[in-house]
Amino acid sequence: MPDVDDFDDLSLGAVFTEPPRPPTPEASVSIYNREVVRDEHEWDTIRINLVGAHPLWGHHLWNAARAFATYLDENSELYRGRTVLELGAGGGLPSLVAVKNGASKVVMTDYPDAELIANMELNVRENTPQSLRERVVVQGYIWGHPIHRLIASNPSPAFGLIILSDLVFNHSQHDALLKTCDLALDRHPSSSVLVFFTHHRPHLAHRDMQFFTKASDGGWRCEEILTRKFPPMFPEDSGDEEVRATVHGWKLTRQ
């Protein structure tokens, strides 16, 4: 997983500059199979369309997203009947679980790139019945910017849950992410930000964790709530494979 730390602006090429990797298939589909045993008439799979090779890494269904989906499925009390915001959603798997399991409104966002936005809209259409689609809004959004468009279609002026799935490797964007979380999370004591991630570059794990140091310094209570092992996303990469195979889940609440 390459470094993405030296940004001078928020243009697509600047924020997510990556050295080349082997060619990625033009477009692909990944299937999330539900792990929670439910009534046989409920949903059991989610089909995630992924864009082709892309500088925002939207062509992968990350292990963190799979772990996130199962955690949300097992803990629907965190968002049922409440509003949810996902930042850097990619294929939008966690958001789709939330809307299927009773969130009142889900705002699914990623960088305002036409291909990413169109792909998220496709995933909403293919995975939610017509009766639920009015509960989902897909938007382009740059972290740290004003949130008035995010809350324009929301029934409340803030969100009860914010989802950050595999974003903390963007070290230079920690402040922007935390700014959006502070602006967008409501003040209810049960509201939270969930942050799931993998140390894709073990030698920079300490830089990943600076997100939580900054959050704590900014008045957030930070608690690790999950660790889960998966096959590593990039087996050929260097660094401790066990570290690269582990998804960590953290919960941030206001102090």
Side-chain angles (χ1 to χ4, degrees), residues 24-25 27-38 42-52 54 56-76 78-80 82-103 105-111 113 115-129 132-133 135-141 159 161-170 177 192-198 200 225-226 228-234 245-251:
T24 302
S28 61
V29 173
S30 288
I31 304 297
Y32 170 74
N33 293 301
R34 197 176 196 184
E35 299 179 31
V36 177
V37 177
R38 299 290 189 185
E42 293 187 351
W43 64 274
D44 57 3
T45 62
I46 295 179
R47 183 179 188 273
I48 297 295
N49 296 281
L50 300 166
V51 298
H54 199 281
L56 300 191
W57 294 85
H59 52 287
H60 293 290
L61 181 60
W62 298 88
N63 290 338
R66 293 184 180 275
F68 225 136
T70 298
Y71 184 84
L72 292 174
D73 204 15
E74 294 172 338
N75 297 276
S76 58
L78 292 172
Y79 55 87
R80 186 182 291 115
R82 306 186 71 186
T83 56
V84 177
L85 170 65
E86 182 170 7
L87 302 177
L93 176 59
S95 286
L96 292 167
V97 171
V99 73
K100 283 176 169 290
N101 286 355
K105 178 72 76 173
V106 175
V107 179
M108 185 189 301
T109 73
D110 209 319
Y111 189 90
D113 171 79
E115 187 178 11
L116 286 178
I117 300 304
N119 188 67
M120 290 192 293
E121 292 172 339
L122 174 63
N123 285 333
V124 171
R125 290 195 302 272
E126 290 195 350
N127 290 284
T128 58
L132 293 180
R133 287 180 199 166
R135 298 186 186 180
V136 188
V137 176
V138 174
Q139 289 187 12
Y141 175 72
F159 297 88
L161 175 66
I162 299 178
I163 294 169
L164 277 61
S165 182
D166 236 337
L167 303 183
V168 301
F169 73 88
N170 291 300
L177 285 165
S192 62
V193 179
L194 295 181
V195 185
F196 281 40
F197 63 96
T198 295
H200 297 289
I225 57 174
L226 174 142
R228 183 173 174 184
K229 298 292 178 62
F230 288 84
M233 290 288 302
F234 307 106
T246 303
V247 172
H248 302 270
W250 284 66
K251 182 178 183 178

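Every heavy atom of this structure was used, including side-chain atoms; hydrogens, water molecules and symmetry mates were not. Numbers here simply count residues along the sequence, with the first being 1.
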Q: Could you grab the distance from atom CG of Asn127 to atom OG of Ser95, nearest 0.5 Å is fine?
A: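 Taking CG in Asn127 and OG in Ser95, the distance rounds to 11.5 Å.
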Q: Phe196 pairs by side-chain contact (heavy atoms from CB on, under 4.5 Å) with which of Leu72, Leu167, Ile225?
A: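 Answer after filtering Leu72, Leu167, Ile225: Ile225.
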Q: Let me confirm one number: the CD-CD1 distance from Glu126 to Ile46, rounded to the nearest 0.5 Å.
A: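 So the gap between those two atoms works out to 12.0 Å.
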Q: What are the two closest non-hydrogen atoms of Val29 and Ile31, and how far apart are they?
A: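 Closest approach of Val29 to Ile31: CG1-CD1, 4.0 Å.
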Q: Would you check, one step at a time, whether the test side-chain contact (heavy atoms from CB on, under 4.5 Å) holds for Val99 with Val124?
A: CA-CA 10 Å; Val99 73; Val124 171; over 6 Å; no
Q: Thinking salt bridges, do Arg228 and Glu35 make one under a 4.0 Å N-O criterion?
A: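 Salt bridge: yes.
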Q: Are the side chain of Asn75 and the backbone of Leu78 linked by a donor-acceptor contact shorter than 3.5 Å?
A: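 Side chain of Asn75 to backbone of Leu78: no pair is present.
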Q: Using every non-hydrogen atom in the two residues, find where Leu61 and Ser30 come nearest and quote the distance to one decimal.
A: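 So the minimum-distance heavy-atom pair works out to CD2-CB, 3.6 Å.
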Q: Of all the heavy-atom pairs spanning Val36 and Glu74, show the shortest one and how long it is.
A: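 Smallest heavy-atom distance, with atoms named: CG2-CG, 3.4 Å.
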Q: Ignoring hydrogens, what is the shortest heavy-atom contact between Pro231 and Asn63? Give both atom names and the distance.
A: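 Looks like O-ND2, 2.9 Å.
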Q: After noting the C-alpha distance and the side-chain angles of Trp62 and Phe197, does the key distance pass the side-chain contact (heavy atoms from CB on, under 4.5 Å) rule?
A: CA-CA 9 Å; Trp62 298 88; Phe197 63 96; over 6 Å; no
Q: What heavy-atom pair brings Val84 and Ala103 nearest, and what distance separates the two atoms?
A: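 Between these two residues, the closest heavy atoms are CG2-CB, 4.0 Å.
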Q: Between Arg66 and Val247, does a side-chain contact (heavy atoms from CB on, under 4.5 Å) hold up when you go through it step by step?
A: CA-CA 10 Å; Arg66 293 184 180 275; Val247 172; over 6 Å; no
Q: Please report the C-alpha distance between Asn101 and Arg80 in whole Å, then the side-chain angles of each, then the deciding distance to 0.1 Å, and finally whether the side-chain contact (heavy atoms from CB on, under 4.5 Å) criterion is met.
A: CA-CA 7 Å; Asn101 286 355; Arg80 186 182 291 115; 5.6 Å; no
Q: Could you tell me the separation between the CG atom of Leu85 and the CE atom of Met108, rounded to the nearest 0.5 Å?
A: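 Leu85 CG to Met108 CE: 11.0 Å, rounded to 0.5 Å.
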Q: Can you name the side chain to side chain contact (heavy atoms under 4.5 Å, CB included) partners of Asp44, sequence neighbours left out?
A: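 In terms of side chain to side chain contact (heavy atoms under 4.5 Å, CB included), with neighbours along the sequence ignored, Asp44 is linked to no residue.
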Q: Look only at the side chain of Tyr79 and the backbone of Val106, and say whether a donor-acceptor pair between them is shorter than 3.5 Å.
A: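 Not at all, since once roles are kept as given, no pair shorter than 3.5 Å links the two residues.
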Q: Are side-chain N/O atoms of Asn123 and Asn49 paired as donor and acceptor at under 3.5 Å?
A: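 Present: a donor and an acceptor within the cut-off.
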Q: How far does CD of Glu86 sit from CZ of Phe68, to the nearest 0.5 angstrom?
A: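 Reported value, rounded in 0.5 Å steps: 7.0 Å.
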Q: How many angstroms lie between atom CZ of Arg133 and atom OG1 of Thr128, to the nearest 0.5 angstrom?
A: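 Separation between the atoms: 5.0 Å.
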Q: Can you measure from CD (Glu121) to CD (Gln139) and round to the nearest 0.5 angstrom?
A: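 Going from CD on Glu121 over to CD on Gln139, the span is 10.5 Å.
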Q: Tell me whether Arg34 contacts the main-chain N or O of Trp43 through its side chain, where contact means a donor paired with an acceptor under 3.5 Å.
A: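 It does hold such a pair.
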Q: For Tyr32, is there any backbone N or O sitting under 3.5 Å from a side-chain donor or acceptor partner on Thr45?
A: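 Pair absent, no side-chain N/O of Thr45 close to backbone of Tyr32.
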Q: Any sub-3.5 Å donor-acceptor pair from Asn119's side-chain atoms to Gly91's backbone N or O?
A: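 Such a contact is absent between Asn119 side chain and Gly91 backbone.
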Q: Do any N or O atoms from the side chain of Thr198 and from the backbone of Thr246 form a donor-acceptor pair under 3.5 angstrom?
A: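 Present.
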Q: Under 3.5 Å, is there a donor-acceptor pair between the side chain of Lys100 and the main chain of Glu42?
A: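 It does not hold such a pair.
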